[in-house]
Protein chains: 2
Amino acid sequence: MTLSALADPTRRAILARLATGEASVSELAEPFDMSLVAVSKHLKVLEKAGLISKGREAQWRPCRLETKPLMQVDDWLEGYRQFWNENLDRLEAYAAALQQEGGADDRSK
Amino acid sequence: MTLSALADPTRRAILARLATGEASVSELAEPFDMSLVAVSKHLKVLEKAGLISKGREAQWRPCRLETKPLMQVDDWLEGYRQFWNENLDRLEAYAAALQQEGGADDRSK
DNA sequence: GCGTTATTAAACCAATAAGTTAATTAACTA
DNA sequence: TAGTTAATTAACTTATTGGTTTAATAACGC
């Protein structure tokens with residue numbers, strides 16, 4: 001569910017904003033060219049995904065970033081990091097091999 | 001676009017499979033309880049997102065994992081890694097403080 | 001209590017997503 | 001050439017998403 005919550009650019013922008021500190025719903029909505037209601041819905045999606053939590057302070061609902069789901073995404077990526085490091089290694093090896101050849105064996109069309 | 005491609009569990013399973021090596025469309029479809037056509041569509045989504053590439057070998061289209069978009073997700077997460085490390089630091093500091101207090105100043109209800 | 005401010009709920013709409021079946025394309029095999 | 005296998009395209013259905021507007025809830029300031 002985390003990934004689908006993160007799939008929307010508005011929601012990612014909201015998270016980026018919240019990384020700089022708490023903010024109320026209307027504060028969060030301000031930069032966007034859409035209704036407050038729409039933003040409120042985005043916040044609900046983020047909340048259900050556990051990516052934010054809402055407090056209550058009088059009539060405001062200060063939102064703050066929750067990092068657990070992001071850490072889980074990070075964990076999920078771990079399995080692939082190994083994979084792309086392998087690829088980088090291959091690239092490096094290839095570059096090194098080219099270097100050594102000195103372009104002597106260029107069989108480009 | 002990467003994140004929305006990653007939002008679907010079938011597609012993530014496909015990527016996981018491809019992390020173990022190339023596979024044809026039908027091979028990729030085999031474990032799923034859905035039509036080959038459906039899987040083919042998932043593959044197209046993954047391809048458009050640059051998460052896989054397809055070769056051609058006779059009547060097969062061997063698919064392989066492409067890591068660039070995943071690395072970009074990793075980069076995107078970087079901004080938040082700092083954030084959750086801060087939080088962990090705070091937690092540690094808090095735990096240390098509790099330790100030092102020895103529970104002497106417990107003002108829980 | 002009354003109006004204002006902050007937020008959510010309800011009802012609705014258009015676009016997209018995820019699946020289906022049937023038809024098409026393309027390359028192998030005999 | 002005919003038949004088989006691998007994959008894609010087309011047309012369609014249903015559910016979900018992202019937005020809207022209007023109404024409701026709740027806490028504040030007077």
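Letters go in sequence order (proteins before strands), and every chain restarts at 1. For the numbers below, each heavy atom of this structure counts, side chains included, while hydrogens, waters and symmetry mates do not.
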For the residue pair A:T10 and A:M34, what are the closest heavy atoms and their distance?
-> OG1-CE, 3.5 Å

Could you run down nucleotides 24-30 of chain D 5' to 3' and tag each one B, S or - for protein heavy-atom contact under 4.0 Å?
-> ---SS--

Is the closest side-chain heavy-atom distance between A:H42 and A:D8 below 4.5 Å?
-> yes

Atom CG of B:L3 and atom OG1 of A:T2: how far apart are they, to the nearest 0.5 Å?
-> 10.5 Å

Here the gap from B:T67 atom OG1 to A:F83 atom CZ, rounded to the nearest 0.5 Å, amounts to 7.0 Å

What residues in residues 14-36 of chain A put a non-hydrogen atom under 4.0 Å from any atom of DNA chain D?
-> A:M34, A:S35

Which atom names give the shortest non-hydrogen contact between B:R12 and A:Y80, and what distance separates them?
-> O-OH, 3.9 Å

Ignoring hydrogens and geometry, is there a side-chain-to-backbone donor-acceptor pair from A:E27 to A:S24 under 3.5 Å?
-> yes

d(NZ, A:K48; C1', D:dG18) in whole Å = 14 Å

Could you tell me whether A:V45 contacts a base, only the sugar-phosphate backbone, or nothing, with contacts defined as non-hydrogen atoms closer than 4.0 Å?
-> nothing

At a cut-off of 3.5 Å, list every protein nitrogen or oxygen paired with a nitrogen or oxygen from nucleotides 14-16 of chain D, distance to 0.1 Å.
none

Please work out if A:K44 contacts a base, only the sugar-phosphate, or nothing of the nucleic acid, heavy-atom cut-off 4.0 Å.
-> sugar-phosphate

So, for A:E22 and A:P62, which heavy atoms are closest and what is the spacing to 0.1 Å?
-> OE1-CB, 3.5 Å

For atom CD1 of A:I52 and atom C1' of C:dT7, their distance in whole Å | 13 Å

Which heavy atom in A:L43 sits nearest to a heavy atom in A:I14, and how many Å separate them?
-> CD2-CG2, 3.8 Å

B:G50 to B:P69 - nearest heavy-atom pair and separation = O-CG, 3.3 Å

Closest heavy-atom contact between B:R17 and B:A23?
-> NH2-CB, 3.4 Å

Please state how far atom NZ in B:K54 lies from atom C1' in C:dA26, giving the value in whole angstrom units.
-> 15 Å

